[in-house]
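Reviewing the structure listed below.
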Amino acid sequence: MKKQLLAVSVLSAIGMMQAQAGTLDNGNLSISGFGTLGVAQSNTDDVQFARYNQAVGVMDSPRIGLDSNLGLQASYKFNDMLSATAQVLTRKNTSPQFTTDLTWAFLKLKVSDEISVRAGRIVLPAFAISDYQNVGYANTMMRPPIEMYGQMPLEGIDGVDANYQHAFGDTNVTVQGFAGFAKGKLFISTAGLTVKNDSTAYGFAVSAEHGPVTLRVAHMSGNLTSKGVVPIDNLVKGLSAIGFAQFGRDLEVVKKRVNFNEIGLIMDWNNIVVQTEYMRRRPQEPVYVPTSNSWYLMAGYRIGKILPYYAHADVRNAAQSVTVPAALAKAPPLAAAVAGLLAPSAQSSNLIGVRWDFAQAMALKVQIDRVHPTKKTGALIFPKAGATIGDVTVIGAALDFVF
């Protein structure tokens with residue numbers, strides 16, 4: 001059931017394309033691509049700085065895997081109502097090597113000028129730039145702030161969404177509702193391993209565009225399950241063995257409902273560029289994943305083809321949804337393991353950068369991040385065992401392009 005929607009959509013699209021193979025030169029097929037060739041390094045080998053869900057980050061020597069990627073997208077218009085789109089993306093994600101994933105694969109039915117429905121693999125509209133967060137050329141910053149984008153464990157779903165667009169005077173409003181299944185891999189940095197993810201998700205996003213300003217709000221509810229987190233599995237077994245089975249089940253991420261609420265604003269007015277988002281993550285059931293509040297603010301000023309910018313990002317744990325039994329203190333090793341798992345984490349970053357659109361469909365970016373983590377770094381940077389964690393400086397340069 002969880003794969004049927006995607007399978008039907010992809011097979012249907014392939015079948016229709018094959019049926020019309022002789023007419024693929026009639027202008028209905030469009031192929032485009034995008035990519036980033038980036039290099040980055042930090043000022044320390046005690047920790048790795050990585051994007052969300054990356055298994056390998058950068059340390060004190062130059063590496064190309066942090067920001068580099070290559071995407072290819074194909075769309076075919078069967079008629080005025082029906083089209084198909086597929087996108088593949090090569091990047092370093094949950095593996096130390098570059099891998100290629102199918103990130104988009106859907107059929108789109110245009111019901112009217114204002115209503116459309118898509119079925120297949122779609123990216124979750126959890127953030128202001130979700131649709132193009134992997135397209136470096138479409139973003140001002142070299143990479144989305146990990147403090148914000150690291151709070152969402154899902155990137156896409158296999159399911160359906162419906163979009164409604166309408167102009168109210170000079171304001172264009174878009175409403176999107178979605179539901180589906182997410183099945184993939186998650187890299188758990190605190191455990192140093194990749195686990196299977198099998199979740200459901202549904203929600204909506206509403207945006208209003210008025211002149212140079214776009215305001216949006218989004219809500220997503222996910223029934224999350226992560227399988228194979230060995231340290232947590234072993235901790236749960238240990239708790240069960242000494243009479244804390246229910247507390248062990250409370251810690252697990254097995255069909256646990258988590259809500260995500262986001263508000264964002266993007267403005268490009270008279271050479272002034274502003275982008276900001278705020279997200280609240282709130283587990284609805286007991287689970288070791290904490291509640292969190294995250295936000296960032298980016299501001300820049302365009303001078304011809306050059307755009308310097310500054311951003312600040314921050315994430316804080318708000319509370320825990322589990323209560324540690326007082327009697328657990330009688331088992332010091334397990335109590336210490338639980339305390340380490342539930343220890344609060346926080347991180348903030350200040351970054352400066354510049355974007356230079358030196359040629360058509362090409363941009364060069366240079367960015368310096370100053371990352372300030374707490375002692376427990378969570379899923380944001382990976383420390384070596386026993387390393388003293390302090391501020392980390394990351395320097396990067398990237399060439400973005402579209403074709």
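Remember, predicted model here, so these are calculated numbers, not experimental data. Throughout, residue positions are numbered sequentially from 1 according to the sequence presented.
- Between the side chain of N43 and the backbone N or O of T393, at least one donor-acceptor pair lies under 3.5 Å.
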List the steps and the verdict of side-chain contact (heavy atoms from CB on, under 4.5 Å) for I157 and L124. CA-CA 7 Å; I157 58 171; L124 284 171; 3.7 Å; yes
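- When every heavy atom of L328 is checked against every heavy atom of A335, the shortest pair comes out as O-CB, 3.6 Å.
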CA sep, side-chain torsions, deciding dist, call: H210, T171, side chain to side chain donor-acceptor pair (under 3.5 Å): CA-CA 5 Å; H210 184 87; T171 302; 2.9 Å; yes
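- A donor-acceptor contact closer than 3.5 angstrom links the side chains of Q246 and R249.
- Evaluated for a side-chain hydrogen bond (donor to acceptor under 3.5 Å, both in side chains) with T103, the options Q73, Q87, R121 yield exactly one hit, Q87.
- Residue F127 holds its CZ atom at 9.0 Å from CE of M220, rounded to the nearest 0.5 Å.
- In this structure, OG1 in T94 is found 7.0 Å from CG in D101, a value given to the nearest 0.5 Å.
- In this structure, the side chain of K92 does not engage the main chain of D67 through any donor-acceptor pair within 3.5 Å.
- Closest approach of N317 and P344 over heavy atoms only: ND2-CA, 3.7 Å.
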Candidate pair S348 and E147, rule side chain to side chain donor-acceptor pair (under 3.5 Å), full reasoning: CA-CA 7 Å; S348 63; E147 289 83 3; over 6 Å; no
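- At distances below 3.5 Å, at least one donor-acceptor pair connects side-chain atoms of N53 with backbone N or O atoms of F187.
- For Y149 and E277, the side-chain atoms include at least one donor-acceptor pair closer than 3.5 Å.
- A donor-acceptor pair under 3.5 Å is formed between the side chain of K365 and the backbone N or O of G136.
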Can Y288 and D250 be said to form a side chain to side chain donor-acceptor pair (under 3.5 Å), step by step? CA-CA 7 Å; Y288 87 89; D250 287 346; over 6 Å; no
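- Judged purely by atom type and a 3.5 angstrom limit, N139 uses its side chain to pair as donor or acceptor with the backbone of V135.
- Side-chain N or O atoms of S207 include none that pairs as donor or acceptor with a backbone N or O of L215 at under 3.5 Å.
- Seen from the ring of F260, R281 does not count as a face-on cation partner, given the 6.0 Å and 45° thresholds.
- What you find for Y52 and P153 is that their closest heavy atoms are OH-CA, 2.8 Å.
- Between the side chain of Q165 and the backbone N or O of T174 there is no donor-acceptor pair closer than 3.5 Å.
- A salt bridge links R216 to E262: at least one charged side-chain nitrogen sits closer than 4.0 Å to a carboxylate oxygen.
- Here salt bridge (Lys or Arg N to Asp or Glu O under 4.0 Å) pairs that include residues 350-363, with residues two or more places apart or in two chains, are R355-D357.
- Checked by atom type and distance alone, the side chain of D400 never pairs as donor or acceptor with a backbone atom of L364 at under 3.5 Å.
- Look at K196 and D198 and you find no salt bridge, because none of the NZ, NE, NH1 or NH2 atoms lies under 4.0 Å from a carboxylate O.
- Counting only N and O atoms by type, the side chains of Y278 and N261 include no donor and acceptor under 3.5 Å apart.
- A donor and an acceptor atom, one from each side chain of T36 and S68, are nowhere located under 3.5 Å apart.
- Sorted by first and then second residue, the side-chain hydrogen bond (donor to acceptor under 3.5 Å, both in side chains) pairs with a member in residues 105-116 read E114-H166; sequence neighbours excluded.
- Taking the centre of each ring, Y137 and F401 stay at or above the 6.0 Å mark.
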Hey, mind stepping through V273 and M298 against side-chain contact (heavy atoms from CB on, under 4.5 Å) and telling me if it holds? CA-CA 8 Å; V273 179; M298 184 275 295; 4.1 Å; yes
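- K183 has its side chain out of reach of N197: every pair of non-hydrogen atoms, C-beta onward, lies at least 4.5 Å apart.
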Decide yes or no on side chain to side chain donor-acceptor pair (under 3.5 Å) for T44 and D60, but give the supporting numbers first. CA-CA 5 Å; T44 178; D60 61 350; over 6 Å; no
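- Here OG1 of T85 is found 12.0 Å from CD1 of I122. Values are rounded to the nearest 0.5 Å.
- The shortest heavy-atom contact between A126 and M279 is O-CE, 4.1 Å.
- Taking CG of L342 as the reference point, atom CD of Q320 lies at 4.5 Å (rounded to 0.5 Å).
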Verdict with supporting geometry, I368 and L351, side-chain contact (heavy atoms from CB on, under 4.5 Å): CA-CA 6 Å; I368 301 174; L351 64 90; over 6 Å; no
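- Taking 4.5 Å as the limit, every side-chain heavy atom of V236 sits out of range of all side-chain heavy atoms of F247.
- Here the side chains of P325 and F244 are in contact, with some heavy-atom distance below 4.5 Å.
- Taking the side chain as every heavy atom from C-beta outward, Y296 and M141 approach each other to under 4.5 Å.
- Between P62 and Q41, the closest heavy-atom pair is CG-OE1, 3.2 Å.
- The shortest distance between side-chain heavy atoms of R316 and S292 does not fall below 4.5 Å.
- The backbone N or O of V58 lies less than 3.5 Å from no partner atom in the side chain of Q48, so there is not a single donor-acceptor pair.
- Closest approach of S294 to Q151, counting heavy atoms only: OG-CG, 3.6 Å.
- Within the 4.5 Å cutoff, the side chain of W104 has no heavy atoms near those of the L102 side chain.
- Remark: T291 engages no residue in a side chain to side chain donor-acceptor pair (under 3.5 Å) (not counting sequence neighbours).
- Taken to the nearest 0.5 Å, the CD1 atom of I303 stands 7.0 Å off from the OH atom of Y301.
- Between L72 and F34, the closest side-chain pair of non-hydrogen atoms is not below 4.5 Å.
- Between N163 and D161 there is a side-chain heavy-atom pair separated by less than 4.5 Å.
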Audit row: R91, N134, side-chain contact (heavy atoms from CB on, under 4.5 Å) steps and yes/no: CA-CA 10 Å; R91 58 183 170 174; N134 294 311; 3.4 Å; yes
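- Using a 3.5 Å distance cut-off with no hydrogens or angles, the side chains of N293 and R282 do pair a donor with an acceptor.
- L107 CG to L82 CG: the interatomic distance, rounded to the nearest 0.5 Å, is 6.0 Å.
- The backbone N or O of T225 lies less than 3.5 Å from a partner atom in the side chain of S199, making a donor-acceptor pair.
- Using a 4.0 Å cut-off between a side-chain N of Lys or Arg and a carboxylate O of Asp or Glu, E252 and K237 do not qualify as a salt bridge.
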